[in-house]
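Computed from a predicted structure; not experimentally measured. Numbering of residues begins at 1 and proceeds along the displayed sequence.
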Amino acid sequence: MNNLIGRKIRGFKFEDINIGYLPIIDSSIGEVGEISLVLDDRVRVDFKENSWYYPLDQIEKHLIPEENEIPEL
């Protein structure tokens, strides 16, 4: 799961018993952030202004697809 570090993700609303969702997180919904830490059941996402924890089991559909770089000739 450490291969998630550095991946881009869009902020989203979630429900989780272990990670409290705070209304202030709404300010990051739709904003692109970067995963900076992966723990057992959560990831930390760094946004321009804030960092929030998201449930690991809910992030997959919010990940931004990585572009495959093609080297220049």
Side-chain angles (χ1 to χ4, degrees):
M1 285 309 218
N2 284 332
N3 61 339
L4 292 172
I5 293 176
R7 290 284 308 269
K8 302 288 186 198
I9 187 170
R10 289 198 186 277
F12 61 96
K13 191 165 191 158
F14 61 88
E15 292 184 24
D16 189 84
I17 306 169
N18 299 319
I19 304 171
Y21 188 88
L22 303 171
I24 194 166
I25 296 175
D26 288 348
S27 66
S28 297
I29 292 176
E31 184 180 345
V32 176
E34 185 175 307
I35 296 173
S36 62
L37 181 65
V38 178
L39 300 172
D40 292 334
D41 63 346
R42 65 190 78 194
V43 297
R44 186 177 73 199
V45 179
D46 297 332
F47 296 98
K48 189 174 186 177
E49 299 289 326
N50 298 301
S51 295
W52 308 115
Y53 285 92
Y54 287 85
L56 180 60
D57 64 352
Q58 296 181 38
I59 66 166
E60 186 173 351
K61 65 182 178 183
H62 302 282
L63 288 171
I64 296 174
E66 293 180 303
E67 294 180 24
N68 292 334
E69 292 184 5
I70 300 172
E72 293 184 34
L73 298 175

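Side-chain contact between Tyr54 and Ile25: present, with at least one pair of heavy atoms (C-beta onward) separated by less than 4.5 Å. Within the 4.5 Å cutoff, side-chain heavy atoms of Ile59 are placed close to those of Leu4.
For the pair Leu39 and Leu56, the tightest heavy-atom approach, listed with the atom from each and the gap, is O-CD2, 4.2 Å. Residues Ile19 and Tyr53 come closest through the heavy atom pair CG2-O, 3.7 Å.
Applying the ring-ring contact (aromatic ring centres under 6.0 Å, His included) test to every pair with at least one member in residues 15-35, sequence neighbours left out, gives these pairs: Phe14-Tyr21. Contacts classified as side-chain hydrogen bond (donor to acceptor under 3.5 Å, both in side chains) and involving residues 40-49 (residues at least two apart or in different chains) are given here: Ser36-Arg44, Ser36-Asp46, Arg44-Asp46, Asp46-Ser51.
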Please tabulate, one pair per line, all N/O donor-acceptor pairs under 3.5 Å involving side-chain atoms of residues 5-12, not counting sequence neighbours.
| from | atom 1 | to | atom 2 | distance (Å) |
| --- | --- | --- | --- | --- |
| Arg7 | NH2 | Ile64 | O | 3.2 |
| Lys8 | NZ | Glu34 | OE1 | 2.9 |
| Arg10 | NH1 | Gly30 | O | 3.1 |

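Between the side chain of Gln58 and the backbone N or O of Glu15 there is at least one donor-acceptor pair closer than 3.5 Å.
Heavy atoms from other residues, nucleotides or ligands lying under 6.0 Å from CD1 of Ile29 number more than 12.
When the salt bridge (charged side-chain N to carboxylate O under 4.0 Å, His left out) test is applied to Asp26, no partner is found at least two apart in sequence or on another chain.
Linking Ile, Leu, Val, Met, Phe, Trp and Tyr residues whenever their side-chain heavy atoms come within less than 4.5 Å leaves Phe47 and Val32 in two separate clusters.
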